[in-house]
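Notes to accompany the following structure.
This is a predicted model, so every value here is computed, not measured. Naming: A, B, ... by sequence-line order, numbering from 1 per chain.
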Amino acid sequence: MRKKLATILKDTLDLCFKEGYLRQMPLPEFVIEIPNNPDHGHFATNLAMTLAKEQKNSPRNIAEIIIRHLVDHDRFILKAEIGGAGFINFFVATEQWYNLLSNIITLRDDYGRNSLGRGEKIMVEFVSANPTGPIHLGHGRGAALGDSLCRILAFSGYDVSREFYINDGGQQINILGESIYSRWRQLSDPSYPFPEDGYQGDYIHELALDIAKETKLENLDKHEAIDLLTELGKDKMLKEIKEDLANFRIHFDLWYKESDLYSSGKIDSAIKLIEKRGLLFEKDGALWIRTSSFGDDKDRVVRKKDGEFTYFATDISYHLDKWKRGFKRVINIWGADHHGYVDRVKAALMAEGIPDNWLDVLLIQLVKLWQGGAEVKMSKRSGKYVTLQELVDDVGVDAVRFVFLSKDHTTPLDFDIDLVKRKDSENPVYYVQYAHARICSIFRKAAKENIHLPEHPGSILQRLDLDEEIALIRKMAEFPLLIEEIAGDLVPHRLTYYLTELAGGFHRYYNRHRVISNDRTLSQARLLLSSGVKIIIKNGLSLLGVSAPETM
RNA sequence: GCGCCUGUAGCUCAGCUGGAUAGAGCAGCGGACUUCUAAUCCGCAGGUCGCAGGUUCGAGUCCUGCCAGGCGUACCA
């Protein structure tokens, strides 16, 4: 509807220029917003104010001229008024709102879908937790964000791929093997030393027990045993990570192994490409890439003195591989502690001729856990942290996802377990789900009384003549544009707020008016209204990966 | 030192590309179930938008400086 209004305004300006009501000038940037105050209309624009300076006329005079010459062949606008310093407030003809509601009901699951992405290939890489321990809360937040983003991008016409990068090489994996080995030895010899930088968590102990049950380790020498434990431990950890994510309703299209980059020679070819561009040099026995030419603070090592590639080198080749696979755009979701790494990777990509804006990195801030009014301290080093699975077992997938998604990822998140566990009004996820369940309940009741949604709403909709009813439809009308904005700005948290407002609007309505009454057509009209709300709540929750229950 | 993020009601947070009287949930106080689910609703109270300047018709939003908190500044991964 906003687009329709924008067209009307443009046509109107053209007319005013042509007929000389206003001085000819380039079209200024102006906004059409939805005012907070209902007295200010359904839509408002600052158009007259943006014209004022150039027109050498007062905003209110210009608004007057625009209103007088509005090009509105379809009688879209009921009335237009001047407000404040020169806003133009528009009231849309009621019929338009009825059409919109009919449209929602026709489109159902597709209401809100758009073609912003034009089928473009886009990849979201997220979680990518090292297979050296279970996934914890921080990963969970990234998982919820990444998955929801993918759902929204797919809904917006992108061809989306979800990818998990497995760091299955390098030092930390060896430490995993050594840690398991020590725990295994400690089964028979409690004094056996544990590596200083080993992983402390109880899961290492469990892994040792598990593997010892299935595999004979006694006959192997230490190195063979550690190698084997590294492999088995890694596989078991990865399996657990996959299960935990599946329980969190998250599935990936591709699990990409870091080790494949080595075996396929992709690291070498990535570095050769940089060499070809003359951005590689040797210093102090190491191989460096001149990232400082592309906005990085300093140059970076890709191959160490000892001949090993750095993690940075594998990352460069991994991203080059993403590029070669034809993704038009890539989004990475990383923990905020990686922020120093962003410029470096972007610089390296630019050194390979990849444009700066190809990669978007979303940094998620820390999750702090609260219980009993105190912060639950977490540290991976000491092995003391709450896993995602524990939290999900405790409070349920829906609540965890909703809470994670209800905050902007740039702000640190305080997660209060006690609060999220309570299945009452304190938890917004139930507030939204409850509205859905309530509407389902109304439909059950209606079916019993043999009242059904009409096939062709037509004139029945005219029975929706309360301000609250029109206001609800107006709220519903915001949904498609909101989805486009979220897909464009990568901000799914806005959806949780929208859904809470929509649910609130319905709850209020429900408490004041009966949907089902003796008046059959009125009942049908209100069922149509309820149906619209239900459709949007269901679509919205599904984009967050949250269920929409029919009963609660 | 330099860089990134954050600072809005007692608490947790929204505030869309600058717009009209800064919002929501929780916590506090007072009300509403013989009627479609009270996991709901209604009302009251609660604010120097960290501080100080600047830009302009207009700033929580943009710019500069300062203060506070978090994180990062590896030939680790």
Phosphate contact (A14(B) OP1 or OP2) by T411(A) side-chain N/O below 4.0 Å: yes
Phosphate contact (A38(B) OP1 or OP2) by Y510(A) side-chain N/O below 4.0 Å: yes
Touch class at under 4.0 angstrom, heavy-atom based, for T551(A) against every strand present: base
Distance (rounded to the nearest 0.5 Å) between R508(A) CZ and N511(A) CG: 10.0 Å
Value in whole Å for how far the C1' atom of A32(B) lies from CZ of R512(A): 13 Å
G1(B) - base-pair partner by Watson-Crick or wobble geometry, distances under 3.5 Å: U73(B)
Span that lies between the P atom of U73(B) and that of U21(B), in whole angstrom: 47 Å
Nucleotide of A38(B), A77(B), C75(B) approaching R438(A) most closely (side-chain heavy atoms): A38(B)
Nearest-nucleotide pick for E485(A), side chain only, options being A74(B), C16(B), U40(B): C16(B)
Touch class at under 4.0 angstrom, heavy-atom based, for G84(A) against every strand present: base
Whole-Å P distance, U55(B) and G60(B): 16 Å
C1'-based separation of U17(B) from A24(B) [nearest Å]: 23 Å
Steps toward side-chain contact (heavy atoms from CB on, under 4.5 Å) verdict (V345(A), F312(A)): CA-CA 8 Å; V345(A) 170; F312(A) 184 47; 4.2 Å; yes
Sugar-phosphate, base or nothing in reach of N518(A), heavy atoms under 4.0 Å: nothing
Verify stack between H40(A) ring and A20(B) base, 5.5 Å, 30 degrees: yes
Residues Y318(A) and E163(A): side-chain donor-acceptor under 3.5 angstrom: yes
E33(A) CD to G58(B) P, straight-line distance once rounded to whole Å: 18 Å
Sugar-phosphate, base or nothing in reach of G285(A), heavy atoms under 4.0 Å: nothing
Touch class at under 4.0 angstrom, heavy-atom based, for F443(A) against every strand present: nothing
P-based separation of G54(B) from G1(B) [nearest Å]: 27 Å
Sugar-phosphate, base or nothing in reach of A336(A), heavy atoms under 4.0 Å: sugar-phosphate
Residue mapping more 5' on RNA chain B - nearest nucleotide basis, R2(A) or P412(A): P412(A)
Proximity to the side chain of D337(A) - top-ranked nucleotide from C16(B), A77(B), G72(B): G72(B)
F443(A) six-ring centre to K534(A) NZ/CZ under 6.0 Å and within 45° of normal: yes
Touch class at under 4.0 angstrom, heavy-atom based, for G170(A) against every strand present: sugar-phosphate
Sugar-phosphate only, base, or nothing, as touched by R494(A) at under 4.0 Å among non-hydrogen atoms: sugar-phosphate
Atom-to-atom span, CD1 of I451(A) to C1' of C36(B) - whole angstrom: 10 Å
Nucleotide of A74(B), C57(B), A14(B) approaching R300(A) most closely (side-chain heavy atoms): A74(B)
Polar pair under 3.5 Å, donor/acceptor by atom type, side chain D168(A), base A77(B): no
Options A38(B), A74(B), C75(B), nucleotide nearest the side-chain atoms of Y434(A): A38(B)
U12(B) and G7(B), which share atom name P, separated by this distance in whole Å: 12 Å
Sugar-phosphate, base or nothing in reach of H436(A), heavy atoms under 4.0 Å: nothing
Short side-chain N/O contact from K407(A) to OP1 or OP2 of A14(B), under 4.0 Å: no
Spacing between K368(A) atom NZ and C5(B) atom P, to the nearest angstrom: 19 Å
Span that lies between the C1' atom of C57(B) and that of C2(B), in whole angstrom: 40 Å
Verify stack between F87(A) ring and A20(B) base, 5.5 Å, 30 degrees: yes
Options C41(B), C16(B), U21(B), nucleotide nearest the side-chain atoms of N37(A): U21(B)
Touch class at under 4.0 angstrom, heavy-atom based, for D297(A) against every strand present: nothing
Lys/Arg cation over aromatic F506(A): R438(A), 6.0 Å, 45° cone: no
Candidate nucleotides C71(B), A77(B), C75(B), ranked by approach to the side chain of H339(A) - the nearest: C71(B)
Sugar-phosphate only, base, or nothing, as touched by A52(A) at under 4.0 Å among non-hydrogen atoms: nothing
Heavy atoms from other residues, nucleotides or ligands near CD of E33(A) exceed 12 (cutoff 6.0 Å): yes
Between C1' of C57(B) and CG of N57(A), the distance in whole Å: 14 Å
Proximity to the side chain of R508(A) - top-ranked nucleotide from C41(B), U56(B), U73(B): C41(B)
Between C1' of A38(B) and NE2 of H507(A), the distance in whole Å: 11 Å
Any donor-acceptor pair under 3.5 Å from R344(A) side chain to D296(A) backbone: no
Closest-nucleotide 5' rank along RNA chain B - winner of N511(A) and F30(A): F30(A)
Sugar-phosphate only, base, or nothing, as touched by L413(A) at under 4.0 Å among non-hydrogen atoms: sugar-phosphate
CZ (R512(A)) with more than 12 external heavy atoms under 6.0 Å: no
Glycosidic conformation of C44(B), taking syn as within 90° of 0 and anti otherwise: anti
From C36(B), A20(B), C13(B), nucleotide with atom closest to D414(A) side chain: C13(B)
Rounded C1' spacing from G3(B) to A22(B) in Å: 32 Å
Touch class at under 4.0 angstrom, heavy-atom based, for K298(A) against every strand present: sugar-phosphate
Interatomic distance where CD1 belongs to I82(A) and P belongs to C57(B) [whole Å]: 20 Å
side-chain N/O T410(A) vs C5(B) OP1/OP2, d < 4.0 Å: no
Aromatic plane relationship, F281(A) with W288(A) - under 30° parallel, 30 to 60° tilted, over 60° perpendicular: parallel
N-O pairing of E484(A) and K3(A) below 4.0 Å: yes
Touch class at under 4.0 angstrom, heavy-atom based, for Y497(A) against every strand present: sugar-phosphate
Protein-nucleotide distance (F404(A), atom CZ; U12(B), atom P), rounded to Å: 17 Å
Per W288(A) side chain, nearest of listed nucleotides C75(B), A20(B), C36(B): C75(B)
N/O (side chain, Y430(A)) to phosphate O (OP1/OP2, A38(B)) under 4.0 Å: no
